[in-house]
Amino acid sequence: MSKPTPLSGFPEWLPAQRMIEQNVVEKIRTTFELYGFAPLETRAVEPMEQLLRKGETSKEVYTLRRLQEDAEAREDAALGLHFDLTVPFARFVLENSGKLQFPFRRYQIQKVWRGERPQEGRYREFLQADIDVVDRDSLPFHYDTEMPLVVGDALRSLPIPPVTIQINNRKVCEGFYRGLGLEDPDEVLRIIDKLDKIGPQKVSDALVQQGASAAQAEACLQLAQISASDLSFVEQVRKLGVQNELLDEGLEELARVVEAGTEHAPGLIRAELKIARGLDYYTGTVYETQLEGYERHGSICSGGRYDNLASTGSERFPGVGISIGVTRLLGLMFGRDALTASRSVPTAVLIALPNEDDRARCDRAARSLRSRGISTEVAPAAAKFGKQIRFAERRGIPFVWFLGADGEPDSVKDIRSGEQVNADATTWEAPAEDVKPLFSAP
RNA sequence: GUGGUCGUAGCUCAGCUGGUAGAGCACCGGGUUGUGGUCCCGGGGGCCGCGGGUUCAAGUCCCGUCGAUCACCCCA
């Protein structure tokens with residue numbers, strides 16, 4: 001059997017990177033819980049009809065079937081892996097609405113799968129950290145203002161470059177387009193979304209192609225080019241002179257999100273009237289997040305308001321949510337060596353083994369250190385101390401422990417400084433910064 | 001899913017118009033009878049991503065495939 005090769009789009013990290021991922025997830029989780037979001041995990045698989053309920057994303061869904069399965073059952077292709085965490089959550093709410101208290105806020109940190117062509121920062125299997133709030137019948141708008149603040153806190157707790165959460169509101173766009181007399185707001189939105197990639201001239205051409213007049217296209221471009229970190233965007237939109245009720249409503253909402261950002265997290269939020277978001281279940285606020293220095297790789301955290309995603313005949317559960325693309329974030333950072341671990345193992349202390357006969361003594365010392373939370377391993381084999389120190393060095397283990405010769409005290413060496421001092425395994429404490437690996441930008 | 005570029009030791013790469021593989025770093029051993037990182041000496045490693053084809057001969061040309069990456073699509 002020849003050497004296995006990677007599977008495109010299914011990343012696997014090395015232990016040092018996995019430690020970083022775990023640490024990142026832990027920090028995100030802590031922030032989510034600080035805001036009172038309750039943990040939830042849904043199954044990886046959903047019925048296809050659920051997955052396709054909103055949005056034409058069928059081609060991205062991986063379907064599930066047993067290897068041995070009769071042809072007729074196969075035709076149903078009844079199950080698929082979820083491609084985000086919002087749709088399964090909506091299903092879960094409908095299914096369990098009787099057992100939940102509303103407004104219901106929960107977080108989910110899980111793998112999702114999409115059958116897209118992979119490239120840097122884009123994968124087929126990746127981890128999302130998602131928060132949502134849903135309520136019965138109607139959901140107060142202030143939750144729309146809270147979402148970016150939560151992920152802002154989470155992202156700012158990580159050793160990564162600054163982020164900017166860009167906000168828009170579909171009501172603004174749709175209202176504006178309708179106010180202009182354009183009939184197909186979704187199509188306009190789709191075109192406007194490409195502004196950064198193809199430039200204003202081509203966007204304008206495309207709009208005219210779709211039946212817009214030159215003046216209408218120009219107005220759409222004017223709107224899309226509005227960007228502000230404060231409320232000044234309202235005035236800028238007004239100046240364009242379009243009158244529409246939905247537009248007014250959207251502006252009011254967007255203003256509230258920006259206002260909350262200004263108050264609670266200066267520099268985090270920016271009204272960016274060109275962002276659209278692909279998923280078509282969003283009905284109001286939409287979020288997209290840029291990581292400074294990695295803008296061209298797309299948003300690392302997105303979401304929005306969905307008023308109609310979770311509804312049955314009689315019941316309706318509007319929601320708002322946002323999701324951090326953990327794998328994208330990490331993949332981009334790893335790709336530039338911009339996030340590293342101080343060691344490749346959790347171990348803080350390596351106990352040198354002078355002779356195989358001393359293993360029991362070493363194990364005793366190890367147990368003593370572990371009992372006080374110090375991650376410890378005993379050297380794999382008796383060898384020259386130089387080799388054992390090198391074993392530790394290769395892995396970034398900061399301390400090597402030496403048993404004292406009979407009657408002598410043990411000693412511990414900081415192999416970074418070379419300093420070695422007498423120590424007692426029942427009382428010695430590692431410096432606080434060395435107990436766990438550190439994760440940082442180099 | 002469509003198209004482009006790339007794929008040589010663990011890593012970074014060299015290998016001219018086809019003539020059966022090299023460097024630096026890393027790794028292992030010795031100098032250093034057991035406390036490393038310097039220095040010196042020596043060593044192991046590559047079906048040249050994989051499969052097929054053209055040719056007397058292919059790392060070098062052609063096709064396919066897998067992987068990486070870029071653009072489109074879409075999106076975390």
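Residue numbering restarts at 1 for every chain, and letters A, B, ... go by the order of the sequence lines.
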Original post:
Stacking here means centres under 5.5 Å and planes under 30°; does A:Phe126 stack on B:rA76?
Top reply: yes

**OP:** Would you please confirm or rule out a distance under 4.0 Å between OP1 or OP2 of B:rC70 and any side-chain N or O of A:Gln119?
**Re:** yes

Each nucleotide N or O in nucleotides 30-34 of chain B that has a protein N or O under 3.5 Å away: list the pair and distance.
unit_1 : atom_1 : unit_2   : atom_2 : d
B:rG34 : O2'    : A:Phe385 : N      : 3.2
B:rG34 : O6     : A:Pro354 : O      : 2.8
B:rG34 : N1     : A:Pro354 : O      : 2.5
B:rG34 : N2     : A:Ala383 : N      : 3.1
B:rG34 : N2     : A:Ala383 : O      : 2.7
B:rG34 : N2     : A:Lys384 : N      : 3.3
B:rG34 : N3     : A:Ala383 : O      : 3.4

Original post:
Distance under 6.0 Å and angle within 45° of the ring axis: does A:Arg305 meet both against A:Tyr282?
Top reply: no

Subject >> Among B:rG67, B:rU35, B:rA76, the nucleotide that comes nearest once only the side chain of A:Phe402 is considered >> reply: B:rU35

Subject >> A:Arg336 NZ/CZ over A:Tyr294 ring centroid, <6.0 Å and within 45° of normal >> reply: yes

Original post:
Is there a side-chain polar atom (N or O) of A:Lys194 under 4.0 Å from OP1 or OP2 of B:rC73?
Top reply: yes

**OP:** Could you work out the separation of B:rA26 and B:rU38 based on their P atoms and round it to a whole Å?
**Re:** 8 Å

Subject >> Atom C1', compared across B:rG31 and B:rA21: separation rounded to whole Å >> reply: 32 Å

Original post:
Taking for each residue the nucleotide of RNA chain B bearing the nearest heavy atom, is the 5' side occupied by A:Leu127 or by A:Glu116?
Top reply: A:Glu116

Original post:
Taking only N and O in the side chain of A:Ser8, is any of them less than 4.0 Å away from OP1 or OP2 of B:rA68?
Top reply: yes

Subject >> Donor-acceptor pair (no angle test) under 3.5 Å: A:Arg114 side chain, B:rC74 base >> reply: no

**OP:** Could you tell me how the ring of A:Tyr306 sits relative to the ring of A:Tyr281: parallel (under 30°), tilted (30 to 60°) or perpendicular (over 60°)?
**Re:** perpendicular

**OP:** Quick one: label A:Arg124 by what it contacts on the DNA or RNA (base, sugar-phosphate, nothing), any heavy atom closer than 4.0 Å.
**Re:** nothing

**OP:** Sequence neighbours left out, what pairs pass side-chain hydrogen bond (donor to acceptor under 3.5 Å, both in side chains) with at least one residue falling in residues 31-41 of chain A?
**Re:** A:Arg29-A:Glu33, A:Glu33-A:Tyr107, A:Tyr35-A:Asp153

Original post:
With sugar-phosphate meaning primed atoms plus P, OP1 and OP2, does A:Phe391 contact a base, only sugar-phosphate, or nothing at under 4.0 Å between heavy atoms?
Top reply: nothing

Original post:
When you match A:Gly115 and A:Glu393 each to their closest nucleotide on RNA chain B, which lands nearer the 5' end?
Top reply: A:Gly115

Original post:
From the list B:rA76, B:rG36, B:rC66, which nucleotide is the closest neighbour of the side chain of A:Arg390?
Top reply: B:rG36

Subject >> Nearest-angstrom distance, P atom, B:rU5 to B:rU65 >> reply: 15 Å

**OP:** Taking atom C1' in both B:rG52 and B:rG37, compute the distance separating them and give it to the nearest angstrom.
**Re:** 50 Å

**OP:** Using a 4.0 Å heavy-atom cut-off across all strands, classify A:Gly121 as base, sugar-phosphate, or nothing.
**Re:** base

**OP:** Taking atom CD of A:Glu356 as the centre, report whether more than 12 heavy atoms of other residues, nucleotides or ligands fall under 6.0 Å from it.
**Re:** yes

Subject >> Inter-nucleotide C1' distance (B:rG22, B:rA14), Å rounded >> reply: 7 Å

Original post:
Do the side chain of A:Asp358 and the main chain of A:Arg361 share a donor and acceptor less than 3.5 angstrom apart?
Top reply: no

Original post:
Does A:Asp307 offer a backbone N or O that forms a donor-acceptor pair with the side chain of A:Arg316 under 3.5 Å?
Top reply: yes

**OP:** Select one nucleotide: of B:rC75, B:rC66, B:rG36, the one nearest the side-chain heavy atoms of A:Thr5.
**Re:** B:rC66

Original post:
Taking atom C1' in both B:rU54 and B:rC70, what distance in whole Å separates the two?
Top reply: 31 Å

Subject >> Over 12 non-hydrogen atoms of neighbours within 6.0 angstrom of CZ in A:Arg190 >> reply: no

**OP:** Compare the minimum distances between each of B:rG67, B:rA71, B:rC75 and the side chain of A:Arg296, then state the nucleotide with the smallest one.
**Re:** B:rA71

**OP:** Look through every strand shown and name the nucleotide pairing with B:rC6 as Watson-Crick or G-U wobble, where both distances are under 3.5 Å.
**Re:** B:rG67

Subject >> Any A:Arg190 side-chain nitrogen or oxygen under 4.0 Å from OP1 or OP2 of B:rC75 >> reply: no

Subject >> Interatomic distance at C1', B:rG30 relative to B:rG44, whole Å >> reply: 14 Å

Original post:
Among pairs that include at least one residue of residues 331-378 of chain A, which meet ring pair (Phe, Tyr, Trp, His ring centres under 6.0 Å), considering only residues two or more places apart or in two chains?
Top reply: A:Trp13-A:Phe334

**OP:** Taking atom P in both B:rG10 and B:rC48, compute the distance separating them and give it to the nearest angstrom.
**Re:** 12 Å

**OP:** Check whether any side-chain nitrogen or oxygen of A:His297 sits under 4.0 Å from OP1 or OP2 of B:rC70, and answer yes or no.
**Re:** yes

Subject >> Minimum-distance nucleotide to A:Glu120 side chain [options: B:rG36, B:rC70, B:rU35] >> reply: B:rC70

Original post:
Looking for any heavy atom pair under 4.0 Å, which part of the strands does A:Ile300 touch: base, sugar-phosphate only, or nothing?
Top reply: sugar-phosphate

Original post:
Between B:rG4 and A:Arg117, is there an OP1 or OP2 to side-chain N/O distance shorter than 4.0 Å?
Top reply: no

